[in-house]
Amino acid sequence: MASLAYLTSDFFDRDPRKVARALLGKLLIRRSRGVSLSGRIVETEAYLGEDDAAAHAAAGQTKRNSVLFGPPGFAYVYFIYGMHYCLNVSCMKEGEAGCVLIRALEPVSGIERMAALRGIELPKDPKLYKPSSLKSIASGPGRLAEAFGITRERDNGKNLTGEESDLRIAEDGSRVKNITAGPRVGIVKSAARPLRYFIADNPYVSGRKVKLPSP
DNA sequence: GAGGAGATCGTCT
DNA sequence: GACGATCTCCTCT
């Protein structure tokens, strides 16, 4: 693998739409107790500030979403539907809300560990891994959070650009082609805005049905 | 394979 | 008290 360059806060100090595009192809890396988990980001969604009705920041700053109003490059983890965590990264300068939701990853390393955290059984021989099993590890916001052991208690408010952080994002020099934009998934407000970005034809993009509001 | 509905609980009103 | 940036199981075709 090529040498890794960890992203700095400058990377996130700009419009969430630019960050969401730029994050595609980057590596999300968790290092803890000598175990390294990593996955390539293949799908993201941009959530703008208070003028984006679908964003958690739309109603202004609350105790829950205060990370969004903080400095760029911090993890905003929230609990949804009573059973899932979702990982966002704050964007823009302190005082300006904005974030990018990481929706799907292509597993790269520590696959056995991630599968175990997801409750997925893999054969001992990596050659026998089923594509469907690999896809189900992290193709969705709740799934990738579970695969990386991401929880609100553990990771909310964590600086993803700090050298001491166990959760960081890096680039390895790989280039991404065929970035496609489309409507965001699972929301009603501002659903038509094309703020979801994914790598076209990548099998690890989450496969949720998109419900568009009736005209 | 596609579509629908239930599960389950933190957060906000 | 209502709702939600989801996932999985079950049913139907």
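Every chain is numbered from 1, with letters handed out A, B, ... down the list of sequences. Keep in mind it's a predicted model, so treat the numbers as computed, not measured.
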Between NZ of K63(A) and P of dT11(B) the distance, given in whole Å, is 8 Å
Fill in: Phosphate contact (dT8(C) OP1 or OP2) by R143(A) side-chain N/O below 4.0 Å
yes
Separation of dA7(B) atom P from I80(A) atom CD1, nearest Å, is 18 Å
The residue, H84(A) or R152(A), whose nearest nucleotide of DNA chain B is more 5′ is H84(A)
- May I ask you to verify if any side-chain N or O of R184(A) is less than 4.0 angstrom from the OP1 or OP2 atom of dG4(C)? no
Ion pair D172(A)/R40(A), N-O distance below 4.0 Å | yes
When rounded to whole Å, the CG to C1' distance for the pair L117(A) and dC7(C) reads 17 Å
Partner of dT8(C) under the Watson-Crick or G-U wobble criteria, both distances under 3.5 Å, comes out as dA5(B)
- prompt: Side chains of Y6(A) and E171(A): does their closest heavy-atom pair fall under 4.5 Å?
  reply: no
Regarding the side chain of Y47(A), the nearest nucleotide among dC12(B), dT6(C), dA5(C) is dA5(C)
Y81(A) OH to dG4(C) P, in whole Å, measures 7 Å
Rounded to whole Å, CD1 of I120(A) lies from P of dC7(C) at a distance of 12 Å
Show the atom names and distances, to 0.1 Å, of all donor-acceptor pairs under 3.5 Å that link a side chain in residues 141-149 of chain A to residues at least two apart or in another chain.
unit_1: R143(A); atom_1: NH1; unit_2: S139(A); atom_2: O; d: 3.4
unit_1: R143(A); atom_1: NH1; unit_2: S139(A); atom_2: OG; d: 3.0
unit_1: E146(A); atom_1: OE1; unit_2: R118(A); atom_2: NH1; d: 3.1

Picking from dA7(B), dA5(C), dT6(C), the nucleotide nearest the side-chain atoms of V185(A) would be dT6(C)
I137(A) atom CD1 is separated from dC7(C) atom P, nearest whole Å, by 15 Å
Taking for E146(A) and for N88(A) the nucleotide of DNA chain C with the nearest heavy atom, the one nearer the 5' end belongs to N88(A)
F79(A) has its side chain closest, among dT6(C), dC12(B), dC9(B), to dC9(B)
Hey, does the side-chain of Y78(A) have a donor or acceptor N/O within less than 3.5 Å of a partner on the base of dA5(C)?
-> yes
Any strand, both distances under 3.5 Å, Watson-Crick or G-U wobble: dT11(B) pairs with dA2(C)
Taking every heavy atom of I199(A) against every heavy atom of V205(A), the minimum-distance pair comes out as O-CG2, 3.6 Å
Give every donor-acceptor pair under 3.5 Å between a side-chain atom in residues 74-84 of chain A and any protein atom, sequence neighbours left out.
unit_1: Y76(A); atom_1: OH; unit_2: H56(A); atom_2: ND1; d: 2.8

Whole-Å distance, R103(A) CZ to dC7(C) P, equals 7 Å
In whole angstroms, the gap separating C1' of dC3(C) from CE of M83(A) amounts to 14 Å
